[in-house]
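Have a look at the structure below, then the notes.
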Amino acid sequence: MAEKNEAVESDPNVAVTVTELKIELRRIVQSIVEESSSSDEENEENEKRFKERVEKVNEILQNLKLLNEGRKPNYGGSMPACPREFRCPLSNEMMTDPVIISSGQTYDRCMIQEWLNFESTCPKTKEVLTQTILTPNHLIKELITQWCKHHNVDPNPFGPSDENPLTEADRALFVDQIRKLSTTLSDQKEAARKLRSMTRRSSSFRALFGESGEYIRQLLIPLLEIKPESEIDDDLHEDLIMILSNISNHESNKKLMAETPWVISVLIDALRSRRVETRSNAAAALYMLSAIDSNRALIGEAGALKPLIELLEDGKPLEIKDVAWAIYRLCRTPENRLRAIKDGVVRVVFYKIWNGVHVNESLPILEMLSIDQRAIEEMCNFGVVSALIDLMKESSDQKKETCIAILYNICYNDRRKWEGLRHEEKAYGTLTEVVQNGTEGAKTKARELRDWVCGSVN
């Protein structure tokens, strides 16, 4: 039996199914317990609802048993796991309007549009996009539609798409969920799940939070009312942080969110959550909020960099990208660069690169830090020049360009490093190879760098 359990958990699609079934089971059992303990007299409708919930519990338990035995579950009315290829890389949720960007990657339209408001890179590959045209991915759209029909799943169960304005009924639903966040735990969990889906699927719902800072404050109530000796429900915590991440992705919300009391501190606390999804979403929210200069100052002053750097060093692969890009953007501010350097970011980033782990995420941070003299001194103490030279010899064009940019900044500020590069160029022609075959950005810096250290070379 132990071997079957290991096999089930090793399959990512099955693991997601098991998790979703367990979450649904806990939700239904909790609702049964709470309703059974009510002092209200049971009527015919209550009895009917009770029987339906018991039947659902039995169905979920049977499916969990089948999965535990390594057999295919009979979902019936239960929600099956959405295949990973149907999930948006930005939201990790099923796409409703998949589009292709110039890097060849597919994203949900609403998510990638928000990303491109502030960035000109592909979120997944990090390559600079030559243009930002969004091309509908009709194949994936059709596959998702067929999958939803086969499993009896509503592809868009939570209200309108971004093409349709919110109705009065939509607004009433939104306000009702906000109100429930101030009531019982079961109501809070149900409201958080619905708000998470609503804000994920529609930018109109995300924009509603920007209409009143009171909505954001009410969203924090379940997190702020927890007593020091107690612990927040992990599912509720994850959903609330995901909502904050969703609404921080809307341009009109960013300043209001950062200036609303407790938002930043709640996100920083979430960086130490037991759940990797919660930590990742908190880092993503801090990244999106830090698109504004004044927000970067507030986030840095609140102490976000130290836990982010700790996660960059010891976090799980799933959260590293969000954490790294949050650090990168925060370090655009000189005061935050100083904080990050004091908190050990150079050492963490250097050893990631040296060990060949999360290099794509670490190199941009090192490039950002390389404009600071204090960071350069620390980099040189670690031997970063030789490490970058070695990396250039076996890297893609994009990595080479970043390596050249870092070496350029180091040598511009510290002539003592010229000798090592001069020897490397004379022995192996490393800079000349980039001048001849690198990207346009890398060629310019490599040529100037070569002329510095070796004199003009034809």
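Predicted model, so just to flag it, every value in this text is computed and none were measured. Reckoned from all heavy atoms, side chains included, excluding hydrogens, waters and symmetry mates. When a residue number appears, it is its place in the shown sequence, counting from 1.
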Pair D234 + R274: basic N to acidic O under 4.0 Å: yes
With sequence neighbours excluded, residues passing side-chain contact (heavy atoms from CB on, under 4.5 Å) with S280: E319, D322
Within residues 340-364 or reaching into it, pairs that qualify as salt bridge (charged side-chain N to carboxylate O under 4.0 Å, His left out) - sequence neighbours excluded: E313-R347
Those residues that, when tested against T333, pass side-chain hydrogen bond (donor to acceptor under 3.5 Å, both in side chains) (two or more places apart): R296
Pair E190 + K194, salt bridge at N-O below 4.0 Å: yes
Steps toward side-chain hydrogen bond (donor to acceptor under 3.5 Å, both in side chains) verdict (N281, S245): CA-CA 6 Å; N281 288 326; S245 179; 4.6 Å; no
For A207, all residues meeting side-chain contact (heavy atoms from CB on, under 4.5 Å), sequence neighbours excluded: H250
Pairs meeting criterion ring-ring contact (aromatic ring centres under 6.0 Å, His included) with involvement of residues 294-331, two or more places apart: W325-Y328
Test item: F209 and S248 side chains (from C-beta on) under 4.5 Å apart, heavy atoms: no
Pairwise ring-ring contact (aromatic ring centres under 6.0 Å, His included) hits with a residue in residues 123-144, at least two apart: none
Inter- and intrachain pairs under salt bridge (charged side-chain N to carboxylate O under 4.0 Å, His left out), touching residues 323-333, at least two apart: E119-R329
Pairs flagged by salt bridge (charged side-chain N to carboxylate O under 4.0 Å, His left out) wherever residues 245-255 is involved - sequence neighbours left out: K255-E259
Point-to-point distance, once rounded to the nearest 0.5 Å, from CD1 of I241 to CG of N246: 11.5 Å
Salt bridge (charged side-chain N to carboxylate O under 4.0 Å, His left out) contacts in which one or both residues fall within residues 134-146, not counting sequence neighbours: none
Partner residues of Q188 under the side-chain contact (heavy atoms from CB on, under 4.5 Å) criterion, sequence neighbours left out: L185, P222, L236
Could you list the donor-acceptor pairs under 3.5 angstrom formed by side chains in residues 298-310, with sequence neighbours left out?
none

Pairs where residues 255-289 contributes a residue and the test ring-ring contact (aromatic ring centres under 6.0 Å, His included) is met, not counting sequence neighbours: W115-Y287
